[in-house]
Amino acid sequence: MPRVIGHLDLDYFYAQVEEVENPAIKTRPVLVCVFSGRTEDSGVVSTANYRAREAGVKSGMPITLAKRKLQGMDLVIVRMERSKYESVSERVMELVRTKVDVLEKTGIDEAFFDLTRSSNGDYKSASETAGLIRVSILEEEHLTCSVGLGRSKVVAKLGSDTAKPAGLMVVPPESTESFMGGMAVTKLYGVGPKTGKTLEELGIRSIADLAHADPATLERAFGRKTTAYLHAAANGIDDDQVKESQTPTQFSRIITLKNDTTDAEEVMAQLSDAEDDLRDKLISTNTSFRTLTAIAVLTDLSTKTRSKAFEVPVNNLSSVKGSALELFGQLSDTADREFRRVGIRVSDLEGNQDQSSISEFLRQS
DNA sequence: GTATGCTTTCGGC
DNA sequence: TTACGGCCGAAAGCATAC
């Protein structure tokens with residue numbers, strides 16, 4: 001039986017949540033922004049609605065530039081409030097979970113799902129379920145979304161991409177080649193600028209080009225493993241299963257400094273709130289970590305990191321402050337520019353079976 | 001040569 | 001002309017073991 005895999009993507013998510021909260025702004029360009037606090041408008045656009053995108057605004061764009069692109073228009077700027085979008089996301093995912101076999105949340109606004117069993121491999125039946133999912137998200141949360149259905153994650157993802165905004169793209173297995181073949185290879189998950197450039201140099205531009213490329217040529221350029229993946233992906237094949245979302249692998253907090261510096265003590269002082277926040281996150285999720293990383297974004301926006309692994313899992317972030325200071329010292333020693341932004345990351349996470357600290361945390365807060 | 005595991009960088013949203 | 005966040009997972013890079 002062919003698999004029926006779906007990919008769900010909530011349209012321009014943060015900005016759409018703001019529109020739902022305040023429908024009067026729907027007809028205007030809306031920017032959900034992160035302000036760094038350095039100067040009045042210092043920061044970037046996190047998400048823009050389609051009215052703003054039409055004017056050339058993209059996510060990650062400096063706010064000042066976005067404002068220029070939209071000058072003369074009746075612009076709405078909203079400060080990003082992540083916890084709000086997280087709650088909406090959770091509710092949407094719960095709703096979808098009741099209608100599919102398996103749901104794998106892959107981001108705050110997207111998820112893969114499996115309908116193979118419930119549709120018995122029938123794409124007509126699966127399309128109806130996908131339609132039902134879209135309608136219920138619209139009815140319950142007033143949000144539009146885009147959905148793709150196909151025989152693998154690769155196809156489903158390309159499907160939702162093609163369908164957006166507010167569409168459904170169903171790609172039955174026999175249509176996979178005609179659906180994907182004409183697309184640029186760079187549309188494939190895992191083909192970024194670097195791989196794309198190398199492929200271009202080999203004369204491979206479309207997914208069909210890649211699907212029919214000589215394996216030996218690809219292996220010389222990318223090695224065995226990547227070639228196997230690329231070849232399969234270009235044919236719309238991947239065995240990657242939809243699995244219930246796994247536990248997180250890392251937590252991090254990053255801030256923009258008041259002023260550029262390389263002074264490790266100053267960095268630690270300014271990171272104090274971020275550190276408290278990360279400590280709370282570890283406590284509330286009852287998680288320990290084995291690796292601590294210091295992150296520095298230099299004035300040219302390049303990123304440098306230094307990390308330290310501990311023999312035994314650490315459950316108290318405060319106990320490794322000294323290590324963090326050392327890591328920032330290492331970064332200062334090697335960096336050729338000042339730091340603009342700094343952060344801390346914990347990874348190699350381990351859940352703790354003992355639940356008592358959760359209740360203790362809740363009681364305290 | 002290949003697998004494994006760790007650190008650092010990349011890239012999507 | 002420049003401008004410029006805060007997350008996350010995955011890829012890339014490197015060393016070691018067999």
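Reminder, nothing fancy here: chain letters follow the sequence lines and each chain counts from 1. The analysis underlying the following values was restricted to heavy atoms, covering all of them including side chains, and did not include hydrogens, waters or symmetry mates.
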> Would you say A:K157 places a side-chain N or O within less than 4.0 Å of OP1 or OP2 belonging to B:dG12?
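For B:dG12, OP1/OP2 do not have a side-chain N/O of A:K157 under 4.0 Å.
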> Near DNA chain C, which residues from residues 36-49 of chain A have a heavy atom under 4.0 Å away?
A:S36, A:S42, A:G43, A:V44, A:S46
> In residues 60-68 of chain A, which residues come under 4.0 Å of DNA chain C by heavy atom?
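A:G60, A:P62, A:T64, A:L65, A:R68, in order of number.
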> Would one find a side-chain N or O of A:T249 under 4.0 angstrom from OP1 or OP2 of C:dG9?
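The answer is yes; a side-chain N or O of A:T249 sits under 4.0 Å from OP1 or OP2.
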> Which heavy atom of A:R97 sits nearest to which heavy atom of A:E244, and what is that distance?
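In terms of heavy atoms, the two residues are closest at NH1-OE1, 2.8 Å.
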> Nearest nucleotide by nearest heavy atom, which residue falls closer to the 5' end of DNA chain C, A:T106 or A:T256?
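This one resolves to A:T256.
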> Please determine whether residues A:V267 and A:V320 belong to a single hydrophobic cluster, defined as Ile, Leu, Val, Met, Phe, Trp and Tyr linked transitively by side-chain heavy-atom distances below 4.5 Å.
yes
> Write down the distance between CZ (A:R53) and P (B:dC13), rounded to a whole number of angstrom.
10 Å
> Could you tell me whether A:E140 and A:R91 have a side-chain N and a carboxylate O separated by less than 4.0 Å?
no
> Between A:S59 and A:F251, which has a closest nucleotide on DNA chain C that is more 5'?
A:S59
> Between the protein and nucleotides 6-9 of chain B, which nitrogen or oxygen pairs are less than 3.5 angstrom apart?
{"residue": "B:dT8", "atom": "OP2", "partner": "A:S307", "partner atom": "N", "Å": "2.7"}
{"residue": "B:dT8", "atom": "OP2", "partner": "A:S307", "partner atom": "OG", "Å": "2.7"}
{"residue": "B:dT9", "atom": "OP2", "partner": "A:T305", "partner atom": "N", "Å": "3.1"}

> Roughly, in whole Å, what's the span from CG in A:L188 to P in C:dA10?
17 Å
> When the C1' atoms of B:dC13 and C:dC4 are considered, how many whole Å apart are they?
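About 16 Å, rounded to a whole number of Å.
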> When the side chains of residues 22-36 of chain A are checked against the rest of the protein, which donor-acceptor pairs come out under 3.5 Å, sequence neighbours left out?
{"residue": "A:R28", "atom": "NE", "partner": "A:D74", "partner atom": "O", "Å": "3.0"}
{"residue": "A:R28", "atom": "NE", "partner": "A:D74", "partner atom": "OD2", "Å": "3.1"}
{"residue": "A:R28", "atom": "NH2", "partner": "A:D74", "partner atom": "OD1", "Å": "3.2"}
{"residue": "A:S36", "atom": "OG", "partner": "A:R38", "partner atom": "N", "Å": "3.4"}
{"residue": "A:S36", "atom": "OG", "partner": "A:S42", "partner atom": "O", "Å": "3.4"}
{"residue": "A:S36", "atom": "OG", "partner": "A:S42", "partner atom": "OG", "Å": "2.7"}

> Are A:I63 and A:V57 connected, step by step, through hydrophobic side chains (Ile, Leu, Val, Met, Phe, Trp, Tyr) whose heavy atoms are closer than 4.5 Å?
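Shared cluster, yes.
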> Determine the contact category for A:F35: base if any of its heavy atoms lies under 4.0 Å from a base atom, sugar-phosphate if only primed atoms, P, OP1 or OP2 are that close, otherwise nothing.
nothing
> For residues 161-177 of chain A, tabulate all N or O donor-acceptor pairs below 3.5 Å that involve a side-chain atom, not counting sequence neighbours.
{"residue": "A:T162", "atom": "OG1", "partner": "A:L158", "partner atom": "O", "Å": "2.7"}
{"residue": "A:K164", "atom": "NZ", "partner": "A:D9", "partner atom": "OD2", "Å": "3.2"}
{"residue": "A:T176", "atom": "OG1", "partner": "A:P173", "partner atom": "O", "Å": "2.7"}

> What is the distance from CE of A:M80 to P of C:dC8, rounded to the nearest Å?
11 Å
> Give me the distance, rounded to whole Å, that separates C:dG5 from B:dG12 when you measure between the C1' atoms they each carry.
14 Å
> Taking atom P of B:dC13 as reference, at what distance in whole Å does atom NZ of A:K164 sit?
6 Å
> Nearest whole angstrom, please: distance from the C1' of B:dC10 to the CD1 of A:I254.
14 Å
> Rounded to whole angstrom units, what separation is found between the OH atom of A:Y85 and the P atom of C:dG6?
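Those two atoms, OH and P, are 14 Å apart.
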> Treat each ILVMFWY residue as a node, draw an edge where side-chain heavy atoms are under 4.5 Å apart, and state whether A:L149 and A:M183 are in one component.
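Cluster IDs for A:L149 and A:M183 differ.
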> Contact between A:T47 and A:R53 at the side-chain level, heavy atoms closer than 4.5 Å - yes or no?
yes
> Which one of A:N235, A:L210, A:V154 satisfies the side-chain contact (heavy atoms from CB on, under 4.5 Å) criterion with A:M180?
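Only one of A:N235, A:L210, A:V154 forms a side-chain contact (heavy atoms from CB on, under 4.5 Å) with A:M180, namely A:V154.
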> How is the hydrophobic cluster of A:Y12 composed, in terms of its other members, when Ile, Leu, Val, Met, Phe, Trp and Tyr link through side-chain heavy atoms under 4.5 Å apart, directly or indirectly?
A:Y50
> Would you mind reading off the distance between A:L301 atom CG and B:dG11 atom P, rounded to a whole angstrom?
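Taking CG of A:L301 and P of B:dG11, I get 15 Å after rounding.
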> Whether the A:S146 and A:D11 side chains hold a donor-acceptor pair (N or O, under 3.5 Å, no angle test) is what I'd like checked.
yes
> Are A:E266 and A:K258 close enough for a salt bridge, meaning some N to O gap below 4.0 Å?
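So A:E266 does not pair with A:K258 through a salt bridge.
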> Given atom CZ of A:R79 and atom P of C:dG6, what is their separation to the nearest angstrom?
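Whole-Å distance recorded here is 11 Å.
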